Amino acid sequence: MKRVHLKMTTNYCHSNFKLFLITCLSIFIISCSNDDDNPPPSPFNEISQEIKDLIYFNGDEKASTVVITVPGGPSTELASDLVDYFSGIFNTTDVLNVTVHQAQTLNPNIIEGNEITLDQAVNFNAESIETLYQVVQYFKDEGRTVYIAGLSYGAFVTQELIAEKGINVADKYLIMTGRLDINEVFWQGLAEGRPAEFQNGVTPIVGTEPFDNIFNRNEARLFAGLVMNRYTEDFNTIESLSSITYIYGETDEAVGRLTAEEIAFLQSKNTNIIVGSGGHDDIFDDYIVQGFSEAFGIE
């Protein structure tokens, strides 16, 4: 009887040990499954209040990729609607969409108040570029990937950022409806507060009289303060512009189409160039999706 009792006890222990192993294995499997459902926390912090005061954003504050949109204008309103639009049409998984204040959005009185000079316009643009640089550098210092999309006036702000801070200030760029060396008669007309445009995207046409109101004259001078620069000269020492996707329109009435010389310069620096058949606004409407895809790999 004792031997039978001992045998029964041994089998009972074996059964308990097997049950223990099965339980441990089940817990391990469930734990691994839960880990898959809950990825590790992001290594990035929430955005500091100092930077939040300079931007509008849509998306996860801790995303590893930041897309900074530098909008057209110059406007006195922060381009929050454009950021929201991009967040709505593109896959924003692990992507934070941002736009940054400029001098005239922080202080609209700059162009709504007294008449400004061209020199003042240059200084205000310099403030905008320093603010943009501060935001870009903040995210880069955290180890995030930073892309910049410069549109129209924002194309020139982006180009000036590259000229002053270097091509490696951000990881990649999308520049739409900009120019490298805009016609002198065009920017001089703007500097005098006069309306100016390009006929068929080629021939500059400058109004004979300044705009009727201060706002438009000041707006024109802010624009002139950037487009007066010669970016083929400013970029000449940069070995490669392969991180830039440049999109322009053949009939762009606002800034003109790229000239053969500008195209040759960009090609010599390995820039990705996309040409559209439309005008200024058509290029945004028709090519923004392709632009984000080719420049940033964002669909």
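The structure presented is a predicted model; accordingly, all values stated were derived computationally and were not measured.
Side-chain contact between S243 and Y173 is present, with heavy atoms from C-beta onward closer than 4.5 Å. Residues V98 and V83 fail the side-chain proximity criterion, which asks for heavy atoms closer than 4.5 Å.
Atom CZ of residue F265 and atom CG of residue L180 lie 7.0 Å apart, to the nearest 0.5 angstrom. Considering CG of L174 and CD1 of I298, their distance stands at 10.0 Å, rounded to 0.5 Å. Distance check: F124 CZ to Q104 CD gives 9.5 Å after rounding to the nearest 0.5 Å. The distance from atom CD1 of I55 to atom OH of Y138, rounded to the nearest 0.5 Å, is 8.5 Å.
A donor-acceptor pair shorter than 3.5 Å cannot be found between the side chains of N125 and E160. With no hydrogens or angles considered, a side-chain donor-acceptor pair links T232 and D181 at under 3.5 Å. Between the side chains of N123 and E127, no donor N or O sits under 3.5 Å from an acceptor N or O. Judged by distance alone, the side chains of T131 and H101 never bring a donor and an acceptor atom under 3.5 Å apart. When only modelled atom types and interatomic distance are considered, T105 and Q102 share no side-chain donor-acceptor pair under 3.5 Å. A donor-acceptor contact under 3.5 angstrom links the side chains of Q159 and Y246, judged on distance only. Side-chain contact, D119 with T117: no donor N or O sits under 3.5 Å from an acceptor N or O.
Judged purely by atom type and a 3.5 angstrom limit, S293 has no side-chain atom pairing as donor or acceptor with the backbone of V289. The backbone N or O of N58 sits nowhere less than 3.5 Å from a side-chain atom of N97 that would complete a donor-acceptor pair. Using a distance-only test at 3.5 Å, with no hydrogens or angles considered, no donor-acceptor pair links the side chain of N183 to the main chain of V185. Of the possible donor and acceptor atoms, one in the side chain of T99 sits under 3.5 Å from a partner among the backbone N and O of T69. Side-chain N or O atoms of T271 include none that pairs as donor or acceptor with a backbone N or O of S242 at under 3.5 Å. Formation of a donor-acceptor pair under 3.5 Å by the N200 side chain with backbone atoms of V202 is not found in this model.
Minimum interatomic distance between R217 and P210 (heavy atoms only, all atoms of both residues): CD-CB, 3.9 Å. Listed here is the closest heavy atom pair of I148 and L161: CD1-CD2, 3.6 Å. Here the closest heavy-atom approach between residue Y248 and residue R257 is recorded as OH-NH2, 3.7 Å. For K269 against I238, the heavy-atom pair with the smallest separation is NZ-O, 2.6 Å.
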Using side-chain contact (heavy atoms from CB on, under 4.5 Å), reason through E250 and L258 one step at a time and then give a plain yes or no.
CA-CA 8 Å; E250 288 185 322; L258 292 181; over 6 Å; no

Walk me through whether F235 and L266 qualify under side-chain contact (heavy atoms from CB on, under 4.5 Å).
CA-CA 10 Å; F235 292 171; L266 290 174; 5.7 Å; no

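The environment of CD in Q134 is crowded: more than 12 heavy-atom neighbours from other residues, nucleotides or ligands sit within 6.0 Å.
Taking the ring centre of F198 as origin, the terminal cationic atom of R179 falls inside the region bounded by 6.0 Å and 45° from the ring axis.
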Considering only distance and modelled atom types, tabulate donor-acceptor pairs under 3.5 Å from the side chains of residues 218-226, sequence neighbours left out.
unit_1	atom_1	unit_2	atom_2	d
N218	OD1	I116	N	2.9
N218	ND2	I111	O	3.4
N218	ND2	N114	O	3.0
E219	OE1	N216	ND2	3.4
R221	NE	A191	O	3.0
R221	NH1	E115	OE2	2.9
R221	NH1	I116	O	3.4
R221	NH2	E115	OE2	3.2

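Applying the side-chain contact (heavy atoms from CB on, under 4.5 Å) test between S152 and each of D252, T177, V70 identifies T177 as the sole match.
By the ring-ring contact (aromatic ring centres under 6.0 Å, His included) test, F292 is found to be paired with F86, F90, F296, residues two or more places apart in sequence or in another chain being considered. Every residue two or more places apart in sequence or in another chain was checked for a ring-ring contact (aromatic ring centres under 6.0 Å, His included) with Y56, and none qualifies.
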